[in-house]
Number of protein chains: 2
Amino acid sequence: MPTAGEKEFVQFLRDHGVRVTPNRLTVFRVMQSSNEPLTIPDLASRVEGSGLNTATLYRIMETLTELQVVHPVLQDHQNVAYELLEPFARHHDHLVCRQCGRTVNIYDCRLEEALKTISDDKGFHIDFHQMEVHGLCPDCQKANATQSP
Amino acid sequence: MPTAGEKEFVQFLRDHGVRVTPNRLTVFRVMQSSNEPLTIPDLASRVEGSGLNTATLYRIMETLTELQVVHPVLQDHQNVAYELLEPFARHHDHLVCRQCGRTVNIYDCRLEEALKTISDDKGFHIDFHQMEVHGLCPDCQKANATQSP
DNA sequence: TTCGCTGCAAACGGTTTGCACCGCG
DNA sequence: CGCGGTGCAAACCGTTTGCAGCGAA
């Protein structure tokens with residue numbers, strides 16, 4: 001199933017009684033064109049020239065979070081970054097490397113299956129989940145092996 | 001397996017060339033006595049009277065994060081809170097009920113197993129993971145079934 | 001025409017930093 | 001003793017807020 005696009009976003013805003021403005025469309029486009037979470041400074045640098053004010057950016061992200069169009073995630077152990085949620089982006093989990101700090105997305109249904117098995121046993125009804133795996137990525141493992149054998 | 005205590009913490013610090021100080025022990029005790037993540041203000045209020053300065057608290061949490069004794073998690077979509085990691089606390093995931101709002105800890109090794117399989121495929125070395133499942137707990141499901149059959 | 005949205009700039013407060021003193025190893 | 005750790009207070013800067021003008025519906 002493809003993810004919802006700008007057209008659906010516009011409709012979504014209208015359905016929720018939120019006005020469709022150029023600024024909100026700009027932010028949505030930037031979010032959708034990125035395949036990694038973006039911080040406020042990230043967003044600010046990518047909308048330069050559009051005249052979008054920082055204060056407005058904060059307000060837009062707050063609105064989109066309340067509407068559950070995006071959700072905040074912790075980046076580099078200290079910065080908050082935003083990521084699109086379903087149906088505007090495909091669900092995935094994160095692998096965060098403790099050394100290079102990069103985040104790799106995992107699209108793996110086996111995790112969902114395991115989760116479903118467990119939740120069935122416990123009688124939980126799952127809406128959605130969010131997972132972050134911390135560790136060492138293949139590249140950094142190689143780098144370490146070369147430097148200190 | 002029981003979790004490591006203060007004795008192991010002291011040894012851990014020594015092994016990593018980090019000095020054992022009263023402040024660090026105080027923070028560790030507070031963290032271990034809490035069964036939920038604590039923010040800096042949370043910690044500050046719980047160490048009042050010990051003379052522990054806020055700036056020092058920030059520095060201690062930074063150190064403990066680097067040592068992976070604790071890790072930061074996002075709370076209420078905006079505040080950073082800290083949680084003890086293994087072996088100083090038993091690993092668990094969270095189920096947050098959308099109705100009653102309660103958080104239930106999940107201790108289930110099958111999830112770990114699934115995760116290990118996936119990470120092996122990707123060549124990722126896992127340190128730890130953190131998961132938050134949102135859904136409906138058994139109690140609320142029953143309550144709903146009774147109220148609106 | 002209305003009222004939500006935005007730009008601007010000042011205010012705010014959580015976090016960081018410099019420095020001298022303390023005390024663990 | 002040496003140097004890492006700490007308290008203190010000022011500086012910093014990301015974030016919030018008040019307000020007037022704009023523009024989506």
Side-chain angles (χ1 to χ4, degrees), chain A residues 6-7 9-31 37-67 69-82, chain B residues 6-7 9-31 37-67 69-82:
Chain A
E6 190 168 314
K7 193 175 173 182
F9 176 65
V10 168
Q11 192 55 48
F12 183 89
L13 293 184
R14 292 207 171 111
D15 291 347
H16 288 262
V18 176
R19 290 188 185 171
V20 178
T21 67
N23 282 341
R24 286 174 176 156
L25 287 175
T26 299
V27 170
F28 180 74
R29 288 189 196 112
V30 170
M31 290 295 298
L38 299 176
T39 63
I40 297 277
D42 287 340
L43 287 163
S45 71
R46 295 182 191 212
V47 299
E48 260 182 21
S50 72
L52 205 166
N53 188 271
T54 307
T56 303
L57 195 46
Y58 277 98
R59 289 187 274 228
I60 288 177
M61 297 321 287
E62 188 185 349
T63 301
L64 295 184
T65 301
E66 283 167 3
L67 293 175
V69 168
V70 301
H71 75 140
V73 296
L74 206 50
Q75 202 179 58
D76 307 326
H77 279 195
Q78 54 177 351
N79 299 109
V80 173
Y82 294 89
Chain B
E6 191 167 313
K7 193 176 176 183
F9 176 65
V10 168
Q11 192 56 48
F12 182 90
L13 293 184
R14 292 206 170 114
D15 291 346
H16 288 262
V18 175
R19 289 188 184 171
V20 178
T21 66
N23 282 341
R24 286 174 176 156
L25 288 175
T26 299
V27 170
F28 179 75
R29 287 191 196 110
V30 170
M31 290 297 298
L38 299 175
T39 63
I40 297 278
D42 287 340
L43 286 163
S45 70
R46 295 183 190 212
V47 300
E48 259 182 21
S50 72
L52 204 167
N53 187 272
T54 306
T56 303
L57 195 45
Y58 277 98
R59 289 187 276 229
I60 288 176
M61 296 322 285
E62 188 185 349
T63 301
L64 296 185
T65 300
E66 283 167 4
L67 293 174
V69 169
V70 300
H71 74 140
V73 296
L74 206 49
Q75 204 178 57
D76 307 326
H77 280 196
Q78 56 176 349
N79 298 110
V80 173
Y82 295 90

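Sequence lines set the chain letters: A, B, ... in the order given, protein chains first and strands last, and positions in each chain run from 1.
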Chemist: Is A/L25 close to A/V10 at the side-chain level, that is, under 4.5 Å between some pair of heavy atoms?
Modeler: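 A/V10 vs A/L25: side chains touch.
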
Chemist: Roughly, in whole Å, what's the span from CZ in B/R14 to P in D/dG4?
Modeler: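 These atoms are roughly 17 Å apart.
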
Chemist: Can you name the closest pair of heavy atoms from A/Q75 and A/P37 and give their distance?
Modeler: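 So the minimum-distance heavy-atom pair works out to NE2-O, 3.5 Å.
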
Chemist: I need the CG-P distance between B/D42 and C/dG14, as an integer number of Å.
Modeler: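 From B/D42 CG to C/dG14 P: 13 Å.
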
Chemist: What's the CG-C1' distance between A/N53 and C/dC5, to the nearest Å?
Modeler: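 Atom-to-atom, A/N53 to C/dC5, this comes out as 12 Å.
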
Chemist: Base of C/dG4, side chain of A/R59 - is there a donor-acceptor contact under 3.5 Å?
Modeler: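 Side chain to base: no pair present.
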
Chemist: D/dA24 P sits how many Å from A/H16 NE2, rounded?
Modeler: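 A/H16 atom NE2 is separated from D/dA24 atom P by 21 Å.
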
Chemist: Of the nucleotides D/dG7, C/dT6, D/dA25, which has the atom closest to the A/V20 side chain?
Modeler: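 Closest nucleotide among those given: D/dA25.
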
Chemist: Side chains of B/N53 and B/N23: does their closest heavy-atom pair fall under 4.5 Å?
Modeler: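 No - every pair of side-chain heavy atoms lies 4.5 Å or more apart.
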
Chemist: Figure out the CD/P separation between A/Q78 and C/dG14, and round it to whole Å.
Modeler: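 Result: 17 Å.
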
Chemist: Does any donor atom in the side chain of B/D42 or B/T39 lie under 3.5 Å from an acceptor atom in the other side chain?
Modeler: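 Present: a donor and an acceptor within the cut-off.
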
Chemist: Hey, is the side chain of B/T21 poking within less than 4.0 Å of OP1 or OP2 on D/dT6, counting only N and O atoms?
Modeler: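 Yes.
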
Chemist: Could you report the tightest heavy-atom contact between A/V80 and A/P72, atom names first, then the distance?
Modeler: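 Minimum heavy-atom separation between A/V80 and A/P72: CG1-CB, 3.6 Å.
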
Chemist: From CE of B/M61 over to C1' of D/dG5, roughly how many Å is that when rounded to an integer?
Modeler: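 Atom CE in B/M61 sits about 16 Å away from atom C1' in D/dG5.
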
Chemist: Please figure out whether B/T54 or B/V18 has its closest DNA chain C nucleotide nearer the 5' end.
Modeler: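 In this pair, the answer is B/T54.
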
Chemist: Does A/R24 reach a base, just sugar-phosphate, or nothing at all? Heavy atoms under 4.0 Å.
Modeler: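 Sugar-phosphate, backbone atoms only, no base.
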
Chemist: Is there a donor and acceptor pair, one atom on the side chain of B/R19 and one on the base of D/dG4, closer than 3.5 Å?
Modeler: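 A donor-acceptor contact between them is present.
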
Chemist: What is the distance, rounded to the nearest whole Å, between atom CG of A/L13 and atom P of C/dC5?
Modeler: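 For the pair A/L13 CG and C/dC5 P, the rounded distance is 10 Å.
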
Chemist: Between B/P22 and A/I40, just flag the one whose closest nucleotide in DNA chain D comes earlier from the 5' side.
Modeler: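 Its nearest nucleotide lies further toward 5', so the answer is B/P22.
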
Chemist: How many whole angstroms separate atom CG of A/L57 from atom P of C/dG7?
Modeler: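 A/L57 atom CG is separated from C/dG7 atom P by 10 Å.
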
